[in-house]
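Heads up, the thing below is written out as structure tokens.
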Amino acid sequence: MKGILFVLLVFSNSFVFAQGKLSDEKRKEFDAQKVAFFTQELDLSPSEAAKFWPLYNEMQKKTRSIEMEIRKSMHTVKELKESQYEDAVNQLLNYENEMQIIKKEYYQKMLRELPASKIWKLNEAERKFHRQLFDRLRRESESHKN
């Protein structure tokens, strides 16, 4: 289950940012919605938000670079021989480990700046935000079909 959630997170971030299909205006709109959503979900005061967002954005930047590496490796996996898949699986596990190391580093930094209860809510806020994003994209896709 954890692996499925990880893949969904990777694809949701890649869908929004890496595709390059979003205009600067849409990207800014998305970022503003994300800031508003997380600030409300985590119940951040203005001073807490000023501490949280630079750390969170830095963490996201680092994890996105790993996500890009995962996407690159997904393309090369299609060309592998069966005997090479073990290396591919191990590389994927290494990427997931790197993601966890980054998350741990930044959660610890956040804990020095914010109440633990607010950091505790972060995973749930991310999950809710991505669920809303997928629901909205699905609705938009369905409305374009009709």
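By convention here, the first residue in the shown sequence is residue 1.
- Between atom CG of residue Leu42 and atom CZ of residue Phe37 there is a gap of 9.0 Å, rounded to the nearest 0.5 Å.
- Checked against the 6.0 Å centroid threshold, Phe129 and Phe134 do not count as a close aromatic pair.
- Between the CD atom in Glu25 and the CZ atom in Phe30 there is a gap of 15.5 Å [rounded to 0.5 Å].
- Glu96 CD to Ile101 CD1: the interatomic distance, rounded to the nearest 0.5 Å, is 12.0 Å.
- Residues passing the side-chain contact (heavy atoms from CB on, under 4.5 Å) test with Glu86, sequence neighbours excluded: Asn90.
- In this structure, Thr39 and Phe52 have side chains that are not in contact, with every pair of non-hydrogen atoms separated by 4.5 Å or more.
- Met68 CE to Arg71 CZ: the interatomic distance, rounded to the nearest 0.5 Å, is 6.0 Å.
- Separating the CD atom in Gln100 from the OG1 atom in Thr63 is a distance of 11.0 Å, to the nearest 0.5 Å.
- For the pair Ser73 and Tyr95, the tightest heavy-atom approach, listed with the atom from each and the gap, is OG-CE1, 4.0 Å.
- Residues satisfying the salt bridge (Lys or Arg N to Asp or Glu O under 4.0 Å) criterion with Glu124, sequence neighbours excluded, are Arg127.
- Qualifying salt bridge (Lys or Arg N to Asp or Glu O under 4.0 Å) partners for Glu69, counting only residues two or more places apart in sequence or in other chains: Lys72.
- The shortest distance between side-chain heavy atoms of Gln60 and Tyr56 falls below 4.5 Å.
- Scored by the side chain to side chain donor-acceptor pair (under 3.5 Å) test, Arg131 finds no partners at all (sequence neighbours excluded).
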Using distance only, find each side-chain donor-acceptor pair of residues 108-117 under 3.5 Å and give its atom names and separation, not counting sequence neighbours.
from, atom 1, to, atom 2, distance (Å)
Lys109, NZ, Glu105, OE2, 3.2

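- With sequence neighbours excluded, the residues satisfying side chain to side chain donor-acceptor pair (under 3.5 Å) with Lys103 are Asn123.
- The side chain to side chain donor-acceptor pair (under 3.5 Å) test applied to Lys128 returns Glu41, not counting sequence neighbours.
- Note that CD of Gln33 is 9.5 Å distant from CG of Asp31, once rounded to the nearest 0.5 Å.
- Considering every non-hydrogen atom in both Met59 and Ile102, the closest pair reads CG-CG2, 3.9 Å.
- For Ser65, there are no side-chain contact (heavy atoms from CB on, under 4.5 Å) partners, not counting sequence neighbours.
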Walk me through it: do Met99 and Glu67 pass the test side chain to side chain contact (heavy atoms under 4.5 Å, CB included)? CA-CA 9 Å; Met99 298 278 279; Glu67 290 164 358; 3.7 Å; yes
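- Residues that satisfy the salt bridge (Lys or Arg N to Asp or Glu O under 4.0 Å) test with Lys118, not counting sequence neighbours, are Glu48.
- The salt bridge (Lys or Arg N to Asp or Glu O under 4.0 Å) test applied to Asp87 returns no partner, not counting sequence neighbours.
- Smallest separation of non-hydrogen atoms from Asp135 and Arg138: OD1-NH1, 3.1 Å.
- Qualifying side chain to side chain donor-acceptor pair (under 3.5 Å) partners for Gln132, counting only residues two or more places apart in sequence or in other chains: none.
- Under the rule for a side-chain contact (heavy atoms from CB on, under 4.5 Å), the partners of Ala49 that lie at least two apart in sequence or sit in another chain are Leu44, Trp53.
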